Structure formats: structure tokens, C-alpha cells
Amino acid sequence: MHLYGSTVAQAARSVGDEAFITAAAGHFTKVFGAAPSPQEVHSWRRSWPALVAILRSAGLDGLHLLLEYALPATGERIDALILGKDTDGCLCAVAIELKQWTHAQLRPDRPGMVRTAERVVQHPARQVGGYVHYLQQWVNRADFPLTARGTVVLHDAGADLVAALRAPAARGPAAVYPVLGRDDLTPQPSAQALAQRLGCAELSPAGRTDVERFLHAEHRPGAALLERAGEVIEGRDAFTLIGDQDLARQEILHAVDGARRQGTKSIIVVTGGPGTGKTVIACRLLGDLCRQPHANPRLLSPSGTLTRQLRRTVGDDFRGLIATFLDKIPAQITNDSVILLDEAHRARTYPDHQQGAFPLTLGKLLQRAAVTVLFLDERQIVRPTEGLTLDQLRQHAQHSGFSFAHIDLASQFRCNGSRAYQQWIDHLFQPDGTAPAWAGSDYDLAVAPDPEHLEHWIAAHTRDGHTARITAGFCWPWDSPPTPPLLPEVAITCNRPDGPHTWARPWNSRADEPAFDHPDIPARPFWATDTGGHDQVGCIYTAQGMEYAYNAVIMGADLVRRGEQWIAHPEKSHDTQLRNLPPHRYLRYALNTYRVLATRGTRGTRLYSTDETTQDFLQTLTLPHDA
């Protein structure tokens with residue numbers, strides 16, 4: 001998809017008109033399903049006429065220009081794409097990243113990032129390099145040869161800014177993508193020289209047939225990309241399988257092969273509690289599928305945090321293979337695709353759930369793919385906008401005429417492999433909570449007397465080089481701005497012999513990228529893994545799907561123990577999705593939330609409740625333990 005396409009000469013006749021910009025904004029909504037932001041429209045107004053003038057002064061009138069060209073597998077768009085024929089007769093696509101920057105801030109310790117105004121963005125040479133990689137690896141070139149290049153055009157930037165941007169690019173993989181500023185974008189010493197700087201010097205106009213062939217080309221991962229992804233995944237220690245995990249992997253592959261042989265749509269559900277290896281099995285399966293002939297696999301997750309972590313582990317070159325699944329189906333999933341949907345219990349069921357007996361978007365995904373493998377833990381459903389279950393999937397398969405298989409993961413690989421601890425937590429966070437006193441010796445569990453003990457315990461393990469984190473129920477406000485300084489909103493007052501004492505710490509950052517001037521404060525997706533995360537408090541939406549060695553959990557007043565049962569107080573929650581629920585409905589989500597939080601630690605966990613009665617109850621179940 002793209003917003004506009006024509007030759008450069010044709011674009012020059014209208015691109016500077018306000019009516020053209022207004023029409024483009026209206027067309028954008030139809031093409032991409034949402035209106036462009038005012039900032040985006042403003043950038044078009046400034047950059048499109050400037051780019052067309054530059055291309056014309058380089059003598060490139062006959063080349064084809066596409067504006068806002070979409071890369072379906074990534075959700076990203078190229079500002080401008082130039083199409084022409086090279087000297088070998090091959091179609092060549094030149095990706096242009098347009099910027100109106102006149103000022104930007106760079107840091108030597110963060111060469112891949114740039115701050116401009118209030119935003120922190122990827123270095124534009126790295127950005128355009130990603131576009132080129134996509135065009136080389138995802139556009140099916142079986143019917144026609146295609147080469148790809150990339151250039152950064154900063155039409156307002158002076159020499160100092162351009163030099164600063166070129167310095168980090170020259171030392172990294174983006175060195176091959178020119179960064180051009182105001183002084184580079186004039187036809188000096190000749191139009192041919194400008195065309196050369198733009199990467200278009202030897203290009204001749206492409207015929208209409210070639211352009212149409214490019215526009216209708218299938219977007220799917222190429223064989224070389226898949227082979228390389230398979231090798232990378234297989235070589236990652238993080239994705240090593242142990243014992244029953246590998247047996248489950250082989251069983252799933254066997255079920256996938258059987259489903260393919262049957263030639264019918266198939267659903268395979270893999271169930272297992274926290275730490276049974278669902279994510280690592282899904283990643284290894286992606287590697288296996290990437291190495292099969294004619295593969296078109298995807299690893300999807302409703303969790304953006306998990307998606308970002310996996311992309312970083314595997315490498316951003318493979319980002320189209322690993323994507324976040326919310327309310328849109330990723331592009332180019334076909335009837336030969338195998339979909340691995342990790343954390344399927346978090347798949348959105350609202351608002352489209354109300355349009356039928358099964359979530360609409362998920363139903364379309366299952367209908368489109370050949371085989372869908374869903375990794376599921378029903379007791380990790382923590383809000384009413386999600387809630388997919390094994391029974392729902394079985395009934396949907398039967399109703400739709402799909403084949404169905406169920407594989408259950410029994411072995412526990414988190415919590416020091418302690419099945420006793422996992423079972424104890426499962427019993428504890430039932431409505432009646434009939435857990436016996438903890439007597440296990442294979443997992444480090446205790447109740448902390450106050451939050452400061454939690455903090456000292458976490459700090460000690462952090463100094464020893466272990467990952468250690470504090471999480472809490474969503475019982476405190478979260479009003480901090482997206483960028484630091486973060487406010488110490490998780491505030492707990494405890495009575496001491498010398499009087500009341502308040503402990504307070506900030507929630508984790510809500511930003512998706514690290515703060516430019518605060519590298520010690522991780523971005524939300526990396527709170528569980530990056531340096532500095534132990535200084536903030538994580539919530540269920542940050543911690544779910546993650547793990548770390550040592551785990552401190554603060555239970556708020558939304559879930560308290562009274563007599564032989566748990567009592568829910570949704571009015572104590574600050575979660576806008578949950579706080580207006582009646583107590584009997586809120587109880588399920590609160591129990592699931594604290595169960596998830598209590599199973600993040602691979603080596604040890606400390607519990608603490610702000611409610612005195614609940615704290616006493618927890619202490620009766622565990623041995624006293626010093627921090």
C-alpha cells in the first residue's frame with residue numbers, strides 16, 4: 001500500500017498545492033485505517049515539495065515516486081520510495097527517509113539514537129537501513145529481479161548537524177546509507193553529481209508493467225532470511241530446551257506435520273503454568289519452521305513487552321517474523337502459514353468478542369493460517385478484555401471444521417524447578433486459598449516484615465550480579481510523565497518503634513524507549529532485564545511473561561485475607577480496566593495477578609502485604625526469614 005504514486009514530473013504539478021495535502025490526508029484514512037496526525041500532515045507540507053524539487057534538479061523527472069509506502073510485515077512506512085531501472089535492467093528501489101531537522105542531540109554512548117525536540121528516535125541511517133533490509137528480504141522477487149538502496153534526506157539541516165549524524169553512522173552498519181543535508185542537495189557541481197549522492201545516478205525510468213509488478217508483489221520472508229533466522233535461534237542459549245520441553249517441541253512439530261498432510265485448517269493448543277517453557281518452546285519451533293522448505297511462519301504475542309524482548313534476543317533483522325498481535329492480523333499470513341501465538345490467554349476478546357461467540361480478529365487469524373499453535377495458561381487472564389480458554393478453542397475448531405489437538409506441559413522449569421512451590425502458589429491464590437504451610441527446601445520463599453526489607457534483599461542480589469525486581473499490585477496511582485524524573489508513587493507507611501515511616505519508589509517507566517538522558521532507567525519493555533530496573537516497581541502488565549532470579553511481591557489492599565477466604569476490594573485498585581468491577585468478578589483477576597507476580601522469580605521470592613491481617617496470614621504459612 002502507498003499514499004500516492006506517479007513520476008517525479010507528474011508529482012511536481014500538484015504536490016505543493018494545499019488541496020493535494022488535504023486530499024492525501026483523506027486518502028490516508030482510507031488506506032491505513034486511521035487519520036494522520038497533525039504533525040505528520042505538517043511534515044508532508046514541508047518535505048514533499050522539497051523532495052520533488054531536489055529530484056527534479058537532479059534530472060530524475062522520469063523516475064517513479066511513491067509516497068508513504070507501507071511495509072506490511074512491520075507496520076512501518078517509507079517516507080518516499082524511488083523506482084527505476086539500473087544498468088543491468090533490474091528494477092531498483094531507493095528508500096528515502098525525510099527529515100525536517102535543524103537541530104538534534106546525539107550521545108557517544110548511544111550512537112543508534114537521536115533526540116530531536118522532545119522525541120527520542122532511531123538514527124535515520126539505521127532507520128533507512130531497516131527499510132532496505134526489508135525490501136531485500138520480504139518482497140518476493142520470484143517474478144522479477146529487484147535491488148534496493150537507501151538515503152537520508154535532511155533538506156533543512158546545516159553542515160554541523162549532518163557531520164554529527166554521519167559520525168556514528170560511519171562506525172556502524174548504516175555507513176552505506178548516505179546522510180545528506182542542505183548543502184548536499186543542490187546540483188553542484190552538476191545534476192549528475194546530485195543524482196549520484198541520492199543513489200539514483202544510473203537509474204532510468206521503469207515501465208508501467210515493472211511498477212505494477214512491484215506494487216503487487218507478495219510480501220513474505222525470503223528463503224535466505226528464514227534460513228538465517230533458523231540458524232540464529234538454534235544458536236541462542238536462551239532457547240535451549242530441557243527434558244520434557246524438547247519432547248513437547250517434537251510432539252508439536254509432529255502435530256503440525258500431521259495437520260499439513262490432512263490439508264485442513266488446524267488448531268493446536270499447548271497449555272502449561274508459569275515456567276513450563278511455553279515461550280522458549282515457541283521460539284525453538286519458529287527456528288524449526290524457518291528451516292523447512294516453503295515456510296511462512298510467524299511468532300505472535302499480544303504482549304508488546306515480550307515481542308520487544310524476543311526481537312532483541314533474536315535480532316531486529318527478523319522483526320517481521322516476530323510481531324505483536326492485538327486487533328489487526330499481520331500482513332501476508334497465507335494458507336501455508338504456521339502461526340505460533342504465545343501468551344494466547346492475553347489475546348484481546350473485546351470489543352470484537354461481543355460480535356459473536358468467538359473473538360472476531362482471532363477467528364480471522366485462525367481461518368487464514370494453515371496451522372495455529374496457541375500457548376495458553378488460563379490462570380494468567382488478568383483483565384476482562386482478554387480471556388481465551390481451552391474449551392473456547394476446542395469448540396471453535398469443532399464449529400469451524402478444523403482439526404484440533406491439545407498438548408499439556410507438566411514440567412516446571414522456573415522457580416528453581418520447584419513443582420512444590422508452583423503447586424503451593426496455585427493453591428494459595430484460589431478463592432479459599434487452602435495452601436498448607438510452606439515446607440519446601442528447593443525454593444527460597446519467605447515473607448518480608450516491611451518494604452525496606454524487600455528493597456535490601458533485592459539490592460543485595462543485584463550487587464551480586466543477579467536480576468532482582470520488586471513488583472506490586474496496581475494499588476497506587478501511576479501519573480508519572482513518560483520521561484524521567486519518575487514520581488515515587490508506590491508509597492507505603494509502616495509503624496516502627498520510632499514512629500511511622502514511609503517507603504516510596506516509582507513505578508517503572510511507561511515509555512517504550514529508554515530516556516535519552518537517563519540510561520539508568522530502562523524502558524518499559526526492558527524493565528525486567530536491563531540495569532536500573534531494580535530501582536523501580538513493576539506491575540502485572542510489565543512483569544507478565546518475564547522472569548528474573550529474585551522476586552519481591554507487594555500485595556496491596558485490593559486483595560485481603562479474611563477468615564478462610566480472599567476478599568476483593570476493587571475500589572482500592574487504580575487500574576481503570578478493573579476498579580469498577582463488582583468484587584466477585586474482580587476477585588478472579590486479582591488472584592490471577594498475584595499468582596503471576598509470585599511466579600516470576602527463578603530462585604527466590606519474598607511476599608509482603610500492606611494489609612496487617614493478610615500479612616499475619618502469610619507469615620503463618622512461611623518460616624521467618626531475614627533479608
Side-chain angles (χ1 to χ4, degrees), residues 1-32 35-71 77-86 91-101 128 131 135 148-157 180-188 190-217:
M1 295 187 296
H2 60 284
L3 194 56
Y4 172 82
S6 73
T7 65
V8 171
Q10 289 172 328
R13 298 176 190 146
S14 55
V15 75
D17 297 340
E18 187 60 30
F20 179 86
I21 301 296
T22 301
H27 189 51
F28 185 99
T29 303
K30 295 179 181 178
V31 172
F32 298 113
S37 68
Q39 295 82 359
E40 196 160 23
V41 175
H42 178 69
S43 71
W44 298 344
R45 192 176 285 113
R46 292 187 58 190
S47 289
W48 286 352
L51 174 64
V52 170
I54 292 164
L55 295 174
R56 297 202 74 193
S57 65
L60 303 174
D61 280 20
L63 299 188
H64 202 83
L65 170 66
L66 302 175
L67 297 175
E68 296 292 332
Y69 177 77
L71 307 179
R77 299 189 306 274
I78 302 175
D79 290 337
L81 194 67
I82 310 297
L83 298 177
K85 284 287 195 73
D86 64 20
L91 188 67
C92 179
V94 183
I96 304 290
E97 177 61 23
L98 288 168
K99 302 291 186 189
Q100 300 89 43
W101 296 353
V128 81
Y131 299 154
L135 292 168
R149 307 170 187 169
T151 304
V152 178
V153 172
L154 298 96
H155 48 81
D156 293 334
L180 307 179
R182 185 175 58 229
D183 297 343
D184 306 302
L185 296 170
T186 59
Q188 301 297 330
S190 64
Q192 179 71 9
L194 174 56
Q196 184 73 39
R197 292 193 290 272
L198 290 167
C200 301
E202 80 286 9
L203 298 186
S204 59
R208 182 177 182 83
T209 300
D210 291 314
V211 172
E212 289 297 317
R213 192 176 295 166
F214 173 82
L215 292 176
H216 292 96

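Worth knowing before you read on, the calculation uses all heavy atoms, side chains too, and leaves out hydrogens, waters and symmetry mates. Everything numeric here is computed off the predicted structure, so don't read it as measured data.
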When rounded to the nearest 0.5 angstrom, what is the spacing between CD in Q10 and CG in L65? 10.5 Å

Of all the heavy-atom pairs spanning K85 and A206, show the shortest one and how long it is. CG-CA, 4.1 Å

For A23, does its backbone N or O pair with a side-chain atom of H27 as donor and acceptor, under 3.5 Å? no

So, R197 side chain and D184 main chain: donor-acceptor pair closer than 3.5 Å or not? yes

May I ask you to test the L51-D79 pair for a side-chain heavy-atom distance under 4.5 Å? no

Taken in chain and number order and not counting sequence neighbours, the residues that satisfy salt bridge (Lys or Arg N to Asp or Glu O under 4.0 Å) with D183 are none

Nearest 0.5 Å, please: how far is CG in L215 from CG in L81? 9.0 Å

Does some side-chain heavy atom of S57 sit less than 4.5 Å from a side-chain heavy atom of L194? yes

Which atom names give the shortest non-hydrogen contact between A93 and L135, and what distance separates them? CB-CD1, 4.2 Å

Between R56 and D61, is there a donor-acceptor pair closer than 3.5 Å when you use the side chain of the first and the backbone of the second? no

For Y69, which of F214, Y4, Y131 qualifies under ring-ring contact (aromatic ring centres under 6.0 Å, His included)? F214

Those residues that, when tested against D17, pass side-chain hydrogen bond (donor to acceptor under 3.5 Å, both in side chains) (two or more places apart): none

Close side-chain approach of R46 and D156, heavy atoms under 4.5 Å: yes

Quick one: side-chain hydrogen bond (donor to acceptor under 3.5 Å, both in side chains) partners of Q188, sequence neighbours excluded? none

Is the shortest heavy-atom distance from the side chain of R45 to the side chain of E18 under 4.5 Å? yes

What's the shortest heavy-atom distance between L98 and H155, and which atoms? CD2-CD2, 4.4 Å

Do the side chains of L55 and L63 get nearer than 4.5 Å, heavy atoms only? no

Which pair of heavy atoms, one from P49 and one from G16, lies closest together, and at what distance? CG-CA, 3.9 Å

Smallest separation among heavy atoms of G62 and P205, with atom names: O-CB, 3.4 Å

Hey, could you give me the CG/CG distance between L3 and L67, rounded to the nearest 0.5 Å? 7.0 Å

V15 and I21 have their tightest heavy-atom pair at O-CD1, 4.2 Å

Side chain of T151, backbone of L198: donor and acceptor closer than 3.5 Å? yes

Listed partners of D86 passing salt bridge (Lys or Arg N to Asp or Glu O under 4.0 Å), at least two apart: none

What is the distance from atom CD of E97 to atom CG of L154, rounded to the nearest 0.5 Å? 8.5 Å

Check the orientation of F28 and W44. Use parallel for under 30°, tilted for 30 to 60°, and perpendicular for over 60°. tilted

Mind checking side chain to side chain contact (heavy atoms under 4.5 Å, CB included) for A53 and listing every partner two or more places apart, or none if nothing turns up? none

side-chain hydrogen bond (donor to acceptor under 3.5 Å, both in side chains) filter on Q196, not counting sequence neighbours, yields none

Got a second to check how far I54's CD1 is from L185's CG, nearest 0.5 Å? 4.0 Å

Rounded distance (nearest 0.5 Å) linking atom CG of L83 with atom SG of C200: 10.0 Å

